[in-house]
Colleague: 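My structure is below; once you've seen it, I'll send some questions.
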Amino acid sequence: MTADGEDRTHMTRALELAARGLYTTDPNPRVGCVLVRDHRLIGEGWHERAGEPHAEVAALGAAGGDARGATAYVTLEPCSHTGRTPPCADALIAAGIGSVQCSTVDPDPRVAGAGIARLRAAGIPVSVGLLAQEARALNPGFFSRFERGRPFVRLKLAMSLDARTAHAAGAAARGAERRWISGEESRADVQTWRARSSAVLTGAGTVRADDPLLNVRLAYGPWVRQPLRVLLDTNLGCAPDARVFQDHGALVFAAADAAARTAAPGGNRLERVPRAAHGVDLHAVLGRLAALAINEVLVEGGPRLAASFLQANLVDELVLYVAPGLLGADAPPLAAVSGLERGGRLPEFEFHDIRRLGADVRLTLSPRRR
């Protein structure tokens, strides 16, 4: 194996380790680290949970004294600041690491090259860029938050073969009375998208129609990390007993000029943002969520909310479940978009993944770059 091929093999392993933190590290990035000396793996680790040791420290602990002179393969630049844990760059220097390969520079302004500079100042060669695209794909929200000032937005929708989202007769059914379009396997799959998200966002129409909990019912080790539940309730019209308000875990965004109310029902948080044409200003909402260290947002709503995000070009990934049935023209559409004849335009998508889930098909799409 060539040196370049060996480097790729070790960084691929580091990425595999990083992916183990997919559901647990938020708001921190998913990071993996592999230590190699004399072509032999001597230690590996990954960041498991915010507040716990970072990947480099875990790998150094596994390697012990063998780490001196080794090459560290890490999927993100070693940090140089003190947060809930000490700087990883200092730990690598103290361990006598011989060289470092990192996939990407950390976009966090507290680091942003400072970790690499600290390592190089200590005489440790650092190479950057190996499998960078794969490393970024593992942390799309972390990079989006610092580079674009907003979270990565994933829109989840379910539809019939004729692109309808609910049975016409039961479109307004609530809670347990609702008739599902997609099958059990698809609904279980949605749980994994929720589990990796920092926040699950819905609109007032969905709360009134379906009364969802928006919670995660999957356990990862000894804990279950619940994403922030975000409700866009422009005019503060949702019933105080809606299930989304349970357990004080919701953040409600309302229009600045909505009816006077100092708090959301049940002690949940209420924030006000500017009003937009068809609800609240989505850019203001996402900017505020970024300030709250929200990396990935899963949007689960009805046709109007889907249309708002699509028309604002704020969808970074579309997850679409297609059930093998027909619902007819009277059923609600996938996205309630109108006015395109007046010059409006919707984003175009390209297929990224197609997967069978029971009787359904799950399509994962990304915006097409023009």
Colleague: Please report the closest heavy-atom contact between Ala18 and Leu138, naming both atoms and the distance.
Modeller: CB-CD2, 3.3 Å
Colleague: Hey, mind stepping through Ile294 and Val230 against side-chain contact (heavy atoms from CB on, under 4.5 Å) and telling me if it holds?
Modeller: CA-CA 11 Å; Ile294 298 298; Val230 178; over 6 Å; no
Colleague: Would you say Thr75 and Thr104 make side-chain contact, with heavy atoms under 4.5 Å?
Modeller: no
Colleague: Do Glu77 side-chain atoms and Gly113 backbone N/O form a donor-acceptor pair below 3.5 Å?
Modeller: yes
Colleague: Go through the steps to decide whether Phe245 and Val207 satisfy the test side-chain contact (heavy atoms from CB on, under 4.5 Å), and finish with yes or no.
Modeller: CA-CA 10 Å; Phe245 296 129; Val207 169; 5.7 Å; no
Colleague: Taking all non-hydrogen atoms of both residues, which atom of Leu251 and which atom of Glu271 are closest, and how far apart?
Modeller: CD1-CG, 3.8 Å
Colleague: Given Leu201 and Leu305, is the side-chain contact (heavy atoms from CB on, under 4.5 Å) satisfied, shown in steps?
Modeller: CA-CA 10 Å; Leu201 182 151; Leu305 186 64; 4.0 Å; yes
Colleague: Could you check whether Ser144 and Arg148, counting side-chain N and O atoms only, form a donor-acceptor pair closer than 3.5 Å?
Modeller: yes
Colleague: In terms of hydrophobic clustering (I, L, V, M, F, W, Y; side-chain heavy atoms under 4.5 Å; direct or indirect links), are Val57 and Tyr73 co-clustered?
Modeller: no
Colleague: Between Asn295 and Arg145, which heavy-atom pair has the shortest distance, and what is it?
Modeller: OD1-NE, 2.7 Å
Colleague: Under 6.0 Å from the CD atom of Glu147, do we count more than 12 heavy atoms belonging to anything else shown?
Modeller: yes
Colleague: Under a 3.5 Å distance rule, please check whether Thr165 uses its side chain to pair with a backbone N or O of Leu334 as donor and acceptor.
Modeller: no
Colleague: Quick one: closest heavy-atom pair of Arg30 and Thr25, and the distance?
Modeller: CG-OG1, 3.5 Å
Colleague: Return the minimal non-hydrogen interatomic distance between Gly183 and Asp360, and the atom names on each side.
Modeller: N-OD2, 2.7 Å
Colleague: Is any side-chain heavy atom of Pro140 closer than 4.5 Å to a side-chain heavy atom of Glu317?
Modeller: no
Colleague: Can you measure from CG (Leu320) to CE (Met159) and round to the nearest 0.5 angstrom?
Modeller: 4.5 Å
Colleague: For the atom pair OH (Tyr321) and CD1 (Ile181), what is the distance rounded to the nearest 0.5 Å?
Modeller: 13.5 Å
Colleague: Closer than 3.5 angstrom, by distance alone: can the side chain of Arg194 be matched with the main-chain N or O of Leu298 as a donor-acceptor pair?
Modeller: no
Colleague: Can you name the one residue among Asp353, Ile354, Leu157 that meets side chain to side chain contact (heavy atoms under 4.5 Å, CB included) with Leu363?
Modeller: Ile354
Colleague: Restricting to non-hydrogen atoms, name the atom on Arg304 and the atom on Gly205 that form the minimum distance, rounded to 0.1 Å.
Modeller: NH2-CA, 4.4 Å
Colleague: For Asp316 and Arg150, run salt bridge (charged side-chain N to carboxylate O under 4.0 Å, His left out): C-alpha distance rounded to whole Å, both residues' side-chain angles, the deciding distance at 0.1 Å, then the answer.
Modeller: CA-CA 11 Å; Asp316 299 307; Arg150 70 166 179 84; 2.9 Å; yes
Colleague: Rounded to the nearest 0.5 Å, what separation is found between the CG atom of Asn215 and the CZ atom of Arg217?
Modeller: 5.0 Å
Colleague: I want to check something: taking the side chain as every heavy atom from C-beta on, are Arg288 and Phe253 in contact at a cut-off of under 4.5 Å?
Modeller: yes
Colleague: Output yes when a side-chain donor or acceptor of Asp106 lies under 3.5 Å from a complementary backbone atom of Asp108, and no otherwise.
Modeller: yes
Colleague: Between Ser99 and Thr71, do the side chains contain a donor N or O and an acceptor N or O under 3.5 Å apart?
Modeller: yes
Colleague: To the nearest 0.5 Å, what is the distance between CG (Leu232) and CG (Leu282)?
Modeller: 6.5 Å
Colleague: If I take atom SG from residue Cys33 and atom CD from residue Gln101, how far apart are they, to the nearest 0.5 angstrom?
Modeller: 12.0 Å
Colleague: Can you list, by chain and residue number, the hydrophobic cluster partners of Phe146 when the side-chain cut-off is 4.5 Å?
Modeller: Val31, Leu35, Ile42, Leu60, Val74, Leu76, Leu92, Ile93, Ile97, Val100, Val105, Ile116, Leu119, Ile124, Val126, Val128, Phe142, Phe143
Colleague: With clusters defined by side-chain heavy atoms of hydrophobic residues (ILVMFWY) lying less than 4.5 Å apart, directly or transitively, does Leu310 cluster with Leu286?
Modeller: yes
Colleague: Would you find a donor on one side and an acceptor on the other, under 3.5 Å apart, between the side chain of Arg208 and the backbone of Asp210?
Modeller: no
Colleague: Return yes if some donor-acceptor pair links the side-chain N/O of Arg243 with the main-chain N/O of Asp211 below 3.5 Å, else return no.
Modeller: yes
Colleague: Ignoring hydrogens and geometry, is there a side-chain-to-backbone donor-acceptor pair from Thr364 to His352 under 3.5 Å?
Modeller: no
Colleague: Would you confirm whether Gln226, through its side chain, and Val216, through its main-chain N or O, come within 3.5 Å as a donor-acceptor pair?
Modeller: yes
Colleague: Could you state whether Leu346 and Leu314 fall into the same hydrophobic cluster, counting links through intermediate Ile, Leu, Val, Met, Phe, Trp or Tyr residues with side-chain heavy atoms under 4.5 angstrom apart?
Modeller: yes
Colleague: Atom CZ in Arg13, atom CG in Leu15: separation rounded to 0.5 Å?
Modeller: 11.0 Å
Colleague: Using atom types as modelled and distance alone, determine if a side-chain donor or acceptor of Arg37 lies under 3.5 Å from a backbone N or O of Asp66.
Modeller: yes
Colleague: Using a strict threshold of under 4.0 Å (side-chain N to carboxylate O), is an ion pair present between Arg164 and Asp162?
Modeller: no
Colleague: Would Leu292 end up clustered with Phe152 when hydrophobic side chains under 4.5 Å apart are linked, directly or stepwise?
Modeller: no
Colleague: Between the main-chain N or O of Ser182 and the side-chain N or O of Arg187, is there a donor-acceptor pair closer than 3.5 Å?
Modeller: yes
Colleague: Any chain of hydrophobic side-chain contacts (each under 4.5 Å) joining Val190 to Leu213?
Modeller: no
Colleague: I'd like to know whether CD of Glu16 has more than 12 heavy-atom contacts from other residues, nucleotides or ligands below 6.0 angstrom.
Modeller: yes
Colleague: Decide yes or no for Arg196 and Thr192: does some side-chain heavy atom of the first lie under 4.5 Å from some side-chain heavy atom of the second?
Modeller: no
Colleague: Anything under 30° is parallel, anything over 60° is perpendicular, the rest tilted; go ahead and classify His54 against His47.
Modeller: perpendicular
Colleague: For side-chain contact (heavy atoms from CB on, under 4.5 Å), just list the numbers for Glu185 and Asp189, CA-CA rounded to whole Å, side-chain angles, deciding distance to a tenth of an Å, and then say yes or no.
Modeller: CA-CA 6 Å; Glu185 293 88 346; Asp189 188 65; over 6 Å; no
Colleague: Are the side chains of Ser160 and Leu326 in contact, using a 4.5 Å heavy-atom criterion?
Modeller: no
